[in-house]
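To start, the structure itself, in structure tokens.
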Amino acid sequence: MARPSDFPPPFDPNDYVGPPTDPPEERLEAGIVIVGGGPAGLACANRLMQRLADEPELTEQLGEIPVAVLEKGKVCGAHNVSGANMRPSAMRELFPDLDESEWPVFQKVEKDAVYLLTKRWAIPLKPPPPNFRNHGNYVTSVSKLSRWLAEKAEEAGAYILTETAADKLLVEDRIVRGVRSGDKGRGRDGEELSNFEPGADLIAKATVLAEGTIGHLTQCAIKYFGLEGDPPRWEIGVKEIWEVPKPLDRVIHTMNWPLRMRPKYNEFGGSFIYPMGPDKVCIGMVVGLDTTDATFSCHDALQQLKTHPFIRKILEGGKRVGWGAKTIPSGGYWSMPRKLSVPGMVMAGDCVSMVNVPYLKGIHYAMHAGIYAADAIVDALKKDPESVNFSAYDEKVRNSVIEKDLYKARNVRQYGDKGFVAFGAIANAWLLSGGALPPGHKRNEPDAGVDVHIGKAGEKYPKPDGEYIFDKLSSVFLSGNATRDDAPNHVRIQRRVPREVAQAWVSMCPAQVYEIPEDQLESNSPVVDVHVTASNCVQCGAITAKGGRLTLPEGGDGPLYQET
């Protein structure tokens, strides 16, 4: 056995925090800079423009670009993946006069079903557990939602800067002053190519980090300002979109098979199948990144799930038309930073663990947080245009549905390592007690701190046929990934590690980024080299959870998700 955390990556977060480096006359300026074009960042942008429409004096003080959103993908939503069943509260708060028929959703949830799967049977759980009930929520695509929110923000006057990676947090005298964008046009070894464009300092009166799961600058900021809560932890989700001949009339969740029930495997998770209008469904598998079997693969477990007779009936006669993979923050309440604001900056959404894993909800929390961030910043700058104190944001979050819901679920996910039966009993006690049980503070442990061994999960996965069962590389192609083969490597890992650690990285990754040389596998070498094909990376972030570190590639690289 071996532990990934014993082999930390060559990475220093302090390298990504520092003062501006461009001469003052060459620095770019914006009033408020938002890093991340997902639900949190774009809800913030929309709310800011709504507020500024009534504040002409403040708008003028914010300059020619009052609000700028930096998005590293080719478009907003390009890197976003979720289930997703969205609670409507944030959409109603942000667009109170917009009819729900105009929302970017597929349909309202009218029916729910939860099944306990064995290898051959699907046993319905009636009524569905309360945390799986979605009646009245909306099935959406988070990538589609993000593009729609970006259009709304642009129409209102926000500047959306896509293909722009925020690579460094600009800090002077412990006050955040903005961000620096990443270079473009460097070669594999960092050399400047003919199309090289240097990054630039972007100075702002307020900075909002809304980077999504495994936020690069967010983690650096939390470390720099000493805001750590419990260690963060994550699940990995892999999702396919299918065109199907028969419409699905309900939202479906499953538990148990093909995951193994015994605690020693630590396979916490389940699957979802959601309707996407009359002719499409999405199917996905979500599993914790603290599994112990180094051969376990979420992508391949999803392929195994599709061999179940119950699932085959839903997908029969269909065609896969989309694929995506992403990590999901699962540390919840205890993994949130101790403060959500520092002088000059606030943090919102998935990057600060605003996800309620027992209820499979996060989109509306992210949007609410973006709204609260906008309100806190405008209120502060109205009183004093030079203010860097946005601590009212912390209070707004603490007095909101975000705090209420995450606190209620604070001690649930941590018991996922007890096995299916014991965890079920604990989850029932939690539901019946309204969140009072389990009591106290059950500490989150880092995913990379779990020992891994070479097990047998990989022996049971079905072989790809290219029609129903798919390999990882064909799935990456379907994601629209367009990373240059000669781009610098943005993945930081130790390149020579115990075989168990290397195999965990190989199996965990849904995009076939990591590889062990064939001769070392054949010789059963206890210590192996790890080859990295960074151009395959879809930036899911799993390597950060499992002992490495994902940094930012060049802006515009990565997947181009459409309906994930």
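Just the heavy atoms: all of them, side chains too, but no hydrogens, waters or symmetry mates, feed the values below. Numbers here simply count residues along the sequence, with the first being 1.
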Is the shortest side-chain heavy-atom distance between [X] and [Y] below 4.5 Å?
| X | Y | result |
| --- | --- | --- |
| Leu560 | Gln562 | yes |
| Pro104 | Met91 | yes |
| Trp430 | Lys408 | yes |
| Pro88 | Trp103 | yes |
| Ile203 | Pro20 | yes |
| Val238 | Trp323 | yes |
| Asn46 | Phe95 | yes |
| Glu240 | Leu315 | no |

So, does [X] use its side chain to make a donor-acceptor pair with the main chain of [Y] at under 3.5 Å?
| X | Y | result |
| --- | --- | --- |
| Asn444 | Gly331 | yes |
| Asp112 | His135 | yes |
| Tyr393 | Met347 | yes |
| Lys168 | Asp201 | no |
| Lys239 | Ser82 | yes |
| Asn85 | Asn137 | no |
| Trp334 | Asn411 | no |
| Thr483 | Gly558 | yes |
| Arg410 | Gly435 | yes |
| Arg47 | Leu94 | no |

To the nearest 0.5 Å, how far apart are [atom1] in [X] and [atom2] in [Y]?
| X | Y | atom1 | atom2 | answer |
| --- | --- | --- | --- | --- |
| Thr218 | Glu211 | OG1 | CD | 3.5 Å |
| Ser479 | Gln539 | OG | CD | 10.0 Å |
| Leu248 | Ile283 | CG | CD1 | 10.0 Å |
| His216 | Leu552 | NE2 | CG | 4.5 Å |
| Cys537 | Leu550 | SG | CG | 5.0 Å |
| Asn356 | Ser330 | CG | OG | 11.5 Å |

Carefully, step by step, assess Arg180 and Asp22 under the rule salt bridge (Lys or Arg N to Asp or Glu O under 4.0 Å). CA-CA 9 Å; Arg180 181 174 179 82; Asp22 288 341; 3.1 Å; yes
How far apart are the C-alpha atoms of Ser387 and Asn389, what are their side-chain angles, what is the distance that settles it, and do they pass the side chain to side chain donor-acceptor pair (under 3.5 Å) test? CA-CA 6 Å; Ser387 176; Asn389 180 5; 5.8 Å; no
Distance-only side-chain donor-acceptor flag, [X] / [Y], under 3.5 Å:
| X | Y | answer |
| --- | --- | --- |
| Asn131 | Lys361 | no |
| Ser101 | Asp99 | yes |
| Thr254 | Ser271 | yes |
| Thr213 | Thr327 | yes |
| Asp405 | Tyr359 | no |

Tell me, please, which residues at least two apart from Ser141 pass side-chain hydrogen bond (donor to acceptor under 3.5 Å, both in side chains).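 For Ser141, the residues satisfying side-chain hydrogen bond (donor to acceptor under 3.5 Å, both in side chains) (neighbours in sequence not counted) are Ser143.
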List for me each residue that meets salt bridge (Lys or Arg N to Asp or Glu O under 4.0 Å) alongside [X], sequence neighbours excluded, and say none if there are none.
| X | answer |
| --- | --- |
| Lys108 | none |
| Arg398 | Glu403 |
| Glu100 | Arg92 |

Thinking salt bridges, do Lys111 and Asp249 make one under a 4.0 Å N-O criterion?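 Salt bridge flag = yes for Asp249 with Lys111.
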Please find the pair of heavy atoms, one from [X] and one from [Y], that lie closest to each other, and give the distance.
| X | Y | value |
| --- | --- | --- |
| Ala221 | Leu209 | CB-CD1, 4.4 Å |
| Gly370 | Ala348 | N-CB, 4.4 Å |
| Ser146 | Leu42 | O-CD1, 3.1 Å |
| Glu154 | Ile160 | CG-CG1, 3.1 Å |
| Phe132 | Val114 | CB-CG2, 3.6 Å |
| Val357 | Pro329 | CG2-O, 3.6 Å |

Does the side-chain contact (heavy atoms from CB on, under 4.5 Å) test come out yes or no for Ile236 and Lys546, once each step is laid out? CA-CA 11 Å; Ile236 177 74; Lys546 210 67 173 175; over 6 Å; no
Let me have the donor-acceptor pairs involving side chains of residues 54-62, under 3.5 Å, with sequence neighbours excluded, atom names and distances please.
residue : atom : partner : partner atom : Å
Glu55   : OE2  : Lys382  : NZ           : 3.2
Thr59   : OG1  : Leu52   : O            : 3.1
Thr59   : OG1  : Glu55   : O            : 2.9

Are the ring centres of Phe423 and Tyr415 closer than 6.0 Å?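 Ring-ring flag for Phe423/Tyr415: false, centres at least 6.0 Å apart.
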Would Asp379 and Arg51 count as a salt bridge (Lys or Arg N to Asp or Glu O under 4.0 Å) if you check the C-alpha gap in whole Å, the side-chain angles of each, and the deciding distance to 0.1 Å? CA-CA 9 Å; Asp379 291 345; Arg51 292 289 307 273; 2.7 Å; yes
As a test of understanding, state which of Val491, Thr551, Ile214 forms a side-chain contact (heavy atoms from CB on, under 4.5 Å) with Thr544.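 Among Val491, Thr551, Ile214, the one that satisfies the side-chain contact (heavy atoms from CB on, under 4.5 Å) with Thr544 is Ile214.
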Once salt bridge (Lys or Arg N to Asp or Glu O under 4.0 Å) is applied, what residue pairs with a partner in residues 225-234 remain, sequence neighbours excluded?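 Salt bridge (Lys or Arg N to Asp or Glu O under 4.0 Å) check on residues 225-234 returns Asp230-Arg443, Arg233-Asp290, Arg233-Asp447.
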Assess Arg413 against Tyr333: is NZ or CZ under 6.0 Å from the centre of the six-membered ring, and within 45 degrees of the ring's axis?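 Cation-pi check for Arg413 and Tyr333: fails.
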Axial cation check for Tyr16 ring with Lys223, 6.0 Å and 45° limits: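 No, cation not above the ring by the 6.0 Å, 45° rule.
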Using the rule given for side-chain contact (heavy atoms from CB on, under 4.5 Å), can you reason through Tyr372 versus Ile402, listing the C-alpha separation, both sets of side-chain angles and the distance that settles it, and then say yes or no? CA-CA 11 Å; Tyr372 303 150; Ile402 301 172; 4.0 Å; yes
His364 vs His368 aromatic rings, parallel, tilted or perpendicular, using cut-offs 30° and 60°?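 Perpendicular.
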For atom CD of Glu395, is the number of surrounding heavy atoms from other residues, nucleotides or ligands below 6.0 Å larger than 12?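 Count not over threshold, so no.
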